Every structure is written in C-alpha cells, then in structure tokens.
Asks: 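Can you keep this structure in mind? I'll have questions shortly.
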Amino acid sequence: MQDKVLEYLRKKDEYVSGEEMSGHLNVSRQALWKHIQVLKDCGYDIEAVPHLGYCLKSAPDRLFPAELAYRLHTKFIAKKIYYYDALPTTMDVAAELGVKGCPNGTLVVAESQTKGKGRLGREWFSPKYKGIYLSLVLRPELAPNATPLLTLLCAVSICEAIKEATGLEARIKWPNDILIHNKKLGGILTELNAETDRTHFAVVGFGLNINNDKRSLLAGATSLKEQLKDEVNRAGLLKKILLAIEENYLYLEKYGSTVILDKWRAANITLGKRVKVNSHHRVLEGEAIGIDSDGALLLRSDSGLIQKVLSGDVAHCR
Ligand code: BTN
C-alpha cells in the first residue's frame, strides 16, 4: 500500500487531502497516516499542511523498487526487482532465483554488500548507499561461449547511460573495466549456468562507484562524485543504465553481435595497445588487434601469432 500512496502523491504533484486519498485508495484515514509515516521513515519528504493535505517534496536517493520502477519504460529488464539493504553478494541471490526459473531481466539490487565478488576471486568494495551493486538474470539465446558478449553489452550500456546522465565519457578496458581518466569506476562480473552447448541463464553483475568521497576510494579507483565534484542521483542513473541494457539486448537479438561490437570498439581503450594478459596462469604479451564476434580479445604476439583470449586480466603497457 505504501507504493500506492507514493504513486498517488507523485501523480498529483501538489497538495492532496487525506480525505481524497483515503477515498481513492480505499483505506481509512488512520491507515493512510501510518503509511505516510512509513514513507517518511524511508526518507521521503512528505509535507502535511492543515486544510491542504499531503505533498511529496522529495524522494530519498535509495534504489527502492518503487523508485526504480517509476517511469522506467522497459519491457522486460527489471520488471521484477528484489531489493536488499544489505547482502553478502547480489550474485548468489540472482543465481538462486535463476535456478528457480525467474523471468528474463530479473534484478537483484543491494544498497551494500559484505562479500561483494570481483573477477578472479577479488573482493568488490561495496559501501552502503554510495554505489550501485546489482545482478541481472538474463536468458539470452546465446551459446555459452558467446556469453562474454553480455559483459561487453553491459559495459557499453553503462558508458552510454553515464554520458547521458552526466556528460562524462567513460571508457572500457577489455573485458569489463569501466574507467574514467584511466581510473576504475566500475566492473562487471558474468557468471553462467550452462551445459556444454546450452545456456540456461547468465547472471551479469556490476558495481559502480557513484557517491564515494575521493578519500574513501581504493587505490586506482574513482567515483562519479570525484569526477563531477557533485553527488549523482543513483536511481536516476540506474534507470538509464537499465534502459540502455534492454535496448542493446534487443539489438543483440535482432542483429547479432555487430551493433554491440561496433559500440564497444568506439568506447574501448584496449585495442591498438600493447598489452600483457594474465590468463589461466599464463602471461601473454602482444598487441590487442581486435575483438572477435564472441567478445574474445585477439592478441598478436611479437612472433606474429594471433591468439584468441577468452578471459583474463589486461595490463596496458603503453
Ligand atoms: C570486477 O572485478 O571488476 C567485477 C566487479 C563486479 C562487482 C559487482 S557488485 C554487484 C555484483 N555482486 C557482486 O558480488 N559482484 C558484482
């Protein structure tokens, strides 16, 4: 019912009497008052003026389902949202939901994580209310070896949304790092539930540093706040990201990997560089000359041999 009260206040966008609202929503005046108190406790600034009624003045910067769903014009991404104030990691909750058969595009979002997972067994620092930490359950028609494309798709979508929301040009370091001015703003982790030739579902998780103060960031990291010298509305940005993910996912379904790879090439900073790739306990060195249709990196070694790298950690040499 709180969501309905909120929706009503939003729709009205002016003072609305308790009598009118309780009539419309079919609740007693006392119950309505209680719902308003709960919303206030959640951080909604609702003014109550005698003879005028209630008015929503502002919403808190929380990733509540009601905030994310408000005017989010997606068809399947985030139509189902699981919200947590704190979780060990959104990845495991999303994977469990995937096994239980949740719909394509199901979103698991947390305001903080105590065991945030990064790639290659690293930890993802997830302080409360500062960043965006989420996992999406995706059910693409892709063979398991082509699912790295989902990582690229998310990276491209994040850059597009950041540009639209803030004007900042974020860049991608293969395969999954989102950088601004060569500092890490975010990362993407994709985990698969698949058989040899069949993808059941993928869990694509990403973490972004948004309103972290400069001094609280790990070495080599940045946040949008550090870059803009201003706070960013996380829910607003996240909605843009979700919309971009859906748009790019539909491109992938319709046109195959071409559009996504073209966008990725335009936003990446790895191609054309000499790189060292730490992949499966070997270090490969050479020039990053391209990206394959499945998202793998093509590396030309000094001997001229071209190798396909499916996963790994890239360091740019120059
Ligand atoms: C990386 O190593 O760069 C990938 C980091 C991915 C972090 C996100 S935060 C939300 C989701 N839940 C996790 O535990 N990890 C991913």
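We use all heavy atoms of the structure for the numbers below, so side chains are in, but hydrogens, waters and symmetry mates are not. Residues take their numbers from the sequence shown, with the count starting at 1. Being a predicted model, the structure only gives us computed values, none of them experimental. Both ligands and their constituent atoms are indexed starting at 1 by order of listing.
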Asks: Y8 vs H24 aromatic rings, parallel, tilted or perpendicular, using cut-offs 30° and 60°?
Replies: tilted
Asks: Which atoms from ligand 1 have a heavy atom of N176 less than 4.0 Å away?
Replies: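 That gives atoms 1 (C), 3 (O), 4 (C) of ligand 1.
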Asks: Would one find an N or O of Y133, backbone or side chain, under 3.5 Å from an N or O of ligand 1?
Replies: no
Asks: Hey, would you say the Y83 and F64 ring centroids sit under 6.0 Å apart?
Replies: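 Yes, they do, as the ring centres are separated by less than 6.0 Å.
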Asks: Around atom 3 (O) of ligand 1, find the nearest protein heavy atom and jot down its residue, atom name and distance.
Replies: K184 NZ, 2.7 Å
Asks: Can you see whether N209 engages E226 through a side-chain donor-acceptor pair at a distance of less than 3.5 angstrom?
Replies: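 Note: N209 and E226 side chains miss the donor-acceptor criterion.
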Asks: Do ligand 1 and K115 have nitrogen or oxygen atoms that lie under 3.5 Å from each other?
Replies: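 Checking ligand 1 against K115, no N or O pair falls under 3.5 Å apart.
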Asks: What part of L120, side chain from CB on, backbone N/CA/C/O, both or neither, has a heavy atom under 4.0 Å from ligand 1?
Replies: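 It is neither part, as no heavy atom is under 4.0 Å.
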Asks: Among all protein heavy atoms, pick out the one at the shortest distance from atom 15 (N) of ligand 1; state its residue, atom name and that distance to 0.1 Å.
Replies: K117 O, 2.7 Å
Asks: What closest approach, in Å, do K75 and K79 show between heavy atoms, and which atom pair accounts for it?
Replies: O-CG, 3.4 Å
Asks: For F201 and V203, work out which heavy atoms get closest and say how close.
Replies: CE1-CG2, 3.8 Å
Asks: Go through ligand 1 atom by atom and flag the ones less than 4.0 Å from a non-hydrogen atom of T89.
Replies: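 Numbered from 1, ligand 1 contributes 12 (N), 13 (C), 14 (O).
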Asks: I'd like the name of whichever of M91, K173, R122, Q113 reaches closest to atom 9 (S) of ligand 1 through any heavy atom.
Replies: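 Residue with the shortest heavy-atom distance to the ligand atom: Q113.
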